[in-house]
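Throughout, residue positions are numbered sequentially from 1 according to the sequence presented.
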Amino acid sequence: MTPSFQVGDARITRIPELHWNNADPGHLYPDIDAETLATFAPSLTAGSYNAATGLLAQGTHAWLVQRPGLTLLIDTATGNDKPLPDAPALDHLHTPFLERLADMGVQPDQVDLVLHTHIHADHVGWNTRLRDGKWVPTFPNARHIFSAVEAQYGSSNDGVDPAPDLPPGVLGAPNHRPLPRVYTDSILPVIEAGLAQAIEIDGQEIVPGFSFHPTPGHSIDHASIRLQSGGEEAWFTGDVMHHPLQVYRPDLRSVYCEFIKPAEQSRRWFLARAAESGSLCFTSHFAETGVGRVKRREDGFSWEFVQPNQGNIG
């Protein structure tokens with residue numbers, strides 16, 4: 001039985017994949033120092049920061065959104081069996097993700113849409129699953145919507161189709177490239193099955209109530225997805241931020257961010273927008289409920305987790 005959140009006519013439930021409470025702040029944020037942690041650690045809740053060990057809690061998950069006549073997922077976590085040797089914590093997983101989805105009363109063939117914030121290994125992995133040595137779509141009736149630029153860059157990164165004009169100069173030189181095989185294993189099979197819709201990330205409403213807003217930097221064409229329903233608003237943040245610590249210190253770059261300065265600019269834009277609107281923020285890697293609000297404080301922003309506002313389902 002899993003509690004959920006209600007935003008307008010949308011019921012939103014987290015489908016968990018992984019949880020860990022041993023993330024080293026110095027690895028996750030290469031520029032962090034002891035003074036920063038000492039200053040802001042008291043603002044972090046016990047479910048996100050262990051004061052005794054000095055380690056952070058995080059996870060991977062997808063968001064199930066159920067509206068009248070529509071079932072969709074926001075991102076699809078990492079997936080099982082994916083070869084990710086450069087990310088040992090994600091390499092060749094075997095998790096009961098689909099069973100957890102089924103516990104919510106949803107089978108893979110009942111998913112209508114999959115919306116992606118970006119094409120990284122831990123956000124697109126369950127798009128496909130391994131069958132007889134071949135990656136096949138997990139959600140055979142779903143339209144998968146993602147950035148055309150992200151797909152082009154992923155294809156080039158995997159050597160499928162060159163994209164000499166990417167990345168664009170405006171982003172600067174990448175700190176690193178995406179993990180290999182993510183496009184080949186998790187996006188290309190969906191495209192070949194005729195289940196893909198590549199879009200421009202420009203803030204336009206792509207699906208009724210859902211719009212994709214540019215927050216590049218963590219990845220080449222990262223999007224944060226806004227839901228508007230019944231006069232209410234919520235955001236699916238993607239990887240604009242990985243942990244509440246970045247709300248307090250938006251200048252801290254994640255080790256996973258590809259374009260460092262644009263990532264900070266996008267994070268600051270998003271935090272200001274979220275604080276002004278007071279919207280619920282559905283994060284991709286925060287622990288605890290994974291959901292909260294950004295608040296203004298005198299010299300920046302703070303984070304408050306929010307508890308589910310609907311009863312158990314499943």
Side-chain angles (χ1 to χ4, degrees), residues 25 27-33 36 39-40 43 56 58 74-75 115-120 122-123 146-154 157 163 165-178 199-204 206 210-227 233-286 292-303:
H27 171 73
L28 186 59
Y29 302 115
D31 303 325
I32 199 170
D33 54 31
T36 295
T39 298
F40 294 103
S43 299
L56 307 176
Q58 291 187 292
I74 308 287
D75 288 334
L115 311 184
H116 285 301
T117 59
H118 62 298
I119 298 176
H120 275 182
D122 52 342
H123 291 258
F146 47 76
S147 158
V149 171
E150 291 261 333
Q152 291 164 5
Y153 192 51
N157 190 56
D165 55 335
L166 296 177
V170 67
L171 291 180
N175 186 54
H176 62 272
R177 298 184 71 86
I199 64 169
E200 181 179 356
I201 306 300
D202 59 2
Q204 295 298 310
I206 302 300
F210 291 93
S211 51
F212 289 65
H213 297 260
T215 47
H218 172 73
S219 65
I220 190 171
D221 199 34
H222 185 282
S224 294
I225 300 174
R226 181 175 65 176
L227 165 63
E233 176 181 282
W235 287 85
F236 298 88
T237 66
D239 282 358
V240 165
M241 46 197 181
H242 287 77
H243 188 273
L245 185 58
Q246 282 180 293
V247 178
Y248 296 88
R249 281 290 305 272
D251 59 308
L252 286 178
R253 66 181 175 99
S254 155
V255 69
Y256 305 112
C257 289
E258 296 175 20
F259 304 90
I260 295 171
K261 191 60 180 178
E264 178 184 343
Q265 292 168 343
S266 290
R267 189 158 41 254
R268 292 186 182 279
W269 174 86
F270 178 81
L271 291 171
R273 177 68 180 264
E276 180 181 356
S277 67
S279 303
L280 282 179
C281 297
F282 291 80
T283 67
S284 292
H285 296 294
F286 285 21
R293 289 189 171 92
V294 177
K295 303 286 187 178
R296 283 276 186 186
R297 57 186 179 88
E298 183 176 353
D299 53 352
F301 303 97
S302 64
W303 174 263

For this session: Compare every heavy atom of S266 with every heavy atom of P216, then report the nearest pair and how far apart it is.
Result: O-OG, 2.6 Å
For this session: Evaluate the criterion side chain to side chain contact (heavy atoms under 4.5 Å, CB included) for residue pair S284 and D75; output intermediate values, then yes/no.
Result: CA-CA 9 Å; S284 292; D75 288 334; 4.2 Å; yes
For this session: Could you check if a side-chain atom of P168 sits within less than 4.5 angstrom of a side-chain atom of I220, using non-hydrogen atoms only?
Result: yes
Exercise. Of H118, E150, H123, which meets side-chain hydrogen bond (donor to acceptor under 3.5 Å, both in side chains) against S219?
Worked result: E150
Exercise. How far apart are the C-alpha atoms of V294 and W235, what are their side-chain angles, what is the distance that settles it, and do they pass the side chain to side chain contact (heavy atoms under 4.5 Å, CB included) test?
Worked result: CA-CA 11 Å; V294 177; W235 287 85; over 6 Å; no
Exercise. Would a line drawn from the ring center of H222 to the ring center of H120 be shorter than 6.0 Å?
Worked result: no
Exercise. CG/L115 to CZ/F146 distance, rounded to the nearest 0.5 angstrom?
Worked result: 11.5 Å
For this session: Could you please spell out the steps behind the side chain to side chain contact (heavy atoms under 4.5 Å, CB included) verdict for R249 and T39?
Result: CA-CA 10 Å; R249 281 290 305 272; T39 298; over 6 Å; no
Exercise. Would a 4.5 Å heavy-atom cut-off, applied to side chains only, mark C257 and V255 as touching?
Worked result: no
Exercise. About how many Å separate CD of Q265 and CD1 of I260, when rounded to the nearest 0.5 Å?
Worked result: 12.0 Å
Problem set entry | Backbone of S224 reached by a side-chain donor or acceptor of T215 within 3.5 Å | yes
Exercise. Taking the side chain as C-beta and beyond, is there a heavy-atom pair between S254 and D239 under 4.5 Å?
Worked result: no
Exercise. Where does the angle between the aromatic ring planes of F40 and Y248 fall among parallel (under 30°), tilted (30 to 60°) and perpendicular (over 60°)?
Worked result: tilted
Seminar exercise, completed: dist H116:NE2 -> I199:CD1 (nearest 0.5 Å) comes out at 11.0 Å
For this session: For the residue pair F301 and R296, establish whether any side-chain heavy-atom pair is separated by less than 4.5 Å.
Result: yes
For this session: Would you mind reporting whether T117 and H218 have side-chain heavy atoms less than 4.5 Å apart?
Result: no
Exercise. Around atom OH of Y256, are there more than 12 heavy atoms of other residues, nucleotides or ligands at under 6.0 Å?
Worked result: no
Exercise. Considering only heavy atoms from C-beta outward, does the side chain of F282 approach that of L280 to under 4.5 Å?
Worked result: yes
Exercise. Distance only, no hydrogens: is a donor on one side chain within 3.5 Å (strictly under) of an acceptor on the other, for S211 and H213?
Worked result: yes
Problem set entry | Stepwise side chain to side chain contact (heavy atoms under 4.5 Å, CB included) check, D221 with Q152 | CA-CA 10 Å; D221 199 34; Q152 291 164 5; over 6 Å; no
Seminar exercise, completed: Minimal heavy-atom distance between C281 and T237, with the atoms involved, is CB-CG2, 3.9 Å
For this session: Would you name the heavy atoms of L171 and P262 that are closest together and state the gap between them?
Result: O-CG, 3.5 Å
For this session: Could you grab the distance from atom NE2 of H176 to atom CZ of F259, nearest 0.5 Å is fine?
Result: 9.0 Å
Exercise. So, Q246 side chain and L252 main chain: donor-acceptor pair closer than 3.5 Å or not?
Worked result: yes
Seminar exercise, completed: d(Y153 OH, S147 OG) to nearest 0.5 Å is 12.5 Å
Exercise. Between CZ of F286 and CD of Q58, what distance do you get to the nearest 0.5 Å?
Worked result: 8.5 Å
For this session: Check whether any side-chain heavy atom of L245 sits under 4.5 Å from a side-chain heavy atom of I32, and report yes or no.
Result: yes
Exercise. Ion pair present between K261 and E264, side-chain N to carboxylate O less than 4.0 angstrom?
Worked result: yes
